[in-house]
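Shown next, in structure tokens, is the structure this report addresses.
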Amino acid sequence: MSRPRALWLAALAYVVGGAFLVLGPIGWSLNRFTVRLHTLWVFDLGLPGDLTPEDFGIALNVLLFVPAGFLLKRLTPLPWWAVTPLCVAASAGIEGVQHALVAGREASAADVVANGVGGLLGSLLGLIPAGRASANE
């Protein structure tokens, strides 16, 4: 499969998965997941307990938007610095939809900032040149 085709398929999977996360009634499940990660970090792995479950939620929001920034950078002619505002705008739109349409989900400015940071990191990763094609392609 060619790289552009694989990137477009990854983008489609990301959008479908994102729509499920945004529109699905899984708010409490996500909260429980972050608490479980915190518990694993502090109690099971014995790592420093300075981080809170909310910190893990922020980290997950950053990670959630890394693929968005990466895919936007790789699939469009946009410069890396233009991808971040698009990710912030998309995140603000998502938070607005969650606030208006999804019961049990809360909009958060912290989520928008964390998602923007993830978009920025992803766009910077998108600057790394793709590896050379293998001899079989």
Side-chain angles (χ1 to χ4, degrees):
M1 182 181 315
S2 69
R3 275 197 188 108
R5 180 187 226 169
L7 287 174
W8 281 109
L9 287 173
L12 177 63
Y14 180 79
V15 169
V16 169
F20 175 75
L21 281 175
V22 171
L23 299 173
I26 60 171
W28 283 107
S29 296
L30 291 174
N31 289 340
R32 283 193 299 270
F33 178 67
T34 59
V35 170
R36 284 186 187 133
L37 283 178
H38 179 262
T39 302
L40 173 71
W41 179 271
V42 175
F43 298 109
D44 295 344
L45 298 177
L47 298 171
D50 296 342
L51 299 174
T52 66
E54 290 80 16
D55 296 329
F56 280 84
I58 290 169
L60 290 173
N61 273 319
V62 170
L63 291 174
L64 181 66
F65 261 69
V66 169
F70 178 83
L71 291 166
L72 277 170
K73 177 62 192 122
R74 286 290 174 97
L75 292 172
T76 69
L78 294 171
W80 69 268
W81 50 265
V83 168
T84 303
L86 285 177
C87 288
V88 169
S91 177
I94 288 167
E95 294 297 316
V97 166
Q98 285 181 340
H99 176 73
L101 301 177
V102 183
R105 299 294 292 268
E106 296 178 10
S108 166
D111 287 354
V112 174
V113 172
N115 293 342
V117 170
L120 170 64
L121 293 174
S123 67
L124 293 174
L125 286 172
L127 293 173
I128 298 171
R132 292 170 25 117
S134 70
N136 296 333
E137 289 186 289

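What you are looking at is a predicted structure, and each value in this text was computed from that prediction instead of being measured. These values consider heavy atoms only, across backbone and side chains, with no hydrogens, waters or symmetry-generated copies. Residues take their numbers from the sequence shown, with the count starting at 1.
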For residues 107-118, run the donor-acceptor check on the side chains, cut-off 3.5 Å, and write out each pair with its distance to 0.1 Å, sequence neighbours left out.
residue, atom, partner, partner atom, Å
S108, OG, A110, N, 3.2
S108, OG, D111, N, 3.2
D111, OD1, N61, ND2, 2.7
N115, ND2, S91, OG, 2.7
N115, ND2, D111, O, 3.2

Applying side chain to side chain contact (heavy atoms under 4.5 Å, CB included) to A82 and not counting sequence neighbours gives L78, P79

Rounded to the nearest 0.5 Å, what's the gap from OG1 on T34 to CG on D55? Could you check? 10.0 Å

Provide the closest heavy-atom pair for G119 versus C87 in the form atom of the first, atom of the second, distance. CA-SG, 3.6 Å

How far apart are the closest heavy atoms of Y14 and F65, and which atoms are they? OH-CA, 3.7 Å

Residue pairs, two or more places apart or on separate chains, that pass side-chain hydrogen bond (donor to acceptor under 3.5 Å, both in side chains) and touch residues 72-86: none

Quick check on the hydrophobic clustering: are [X] and [Y] connected, directly or via other members, by side-chain heavy-atom contacts under 4.5 Å?
| X | Y | result |
| --- | --- | --- |
| V83 | I94 | no |
| L72 | V62 | no |
| L37 | V35 | no |
| L121 | I58 | no |
| F20 | L64 | yes |

More than 12 heavy atoms of other residues, nucleotides or ligands under 6.0 Å from CZ of F33: yes or no? no

Are L124 and L127 side-chain neighbours, meaning at least one heavy-atom pair lies under 4.5 Å? yes

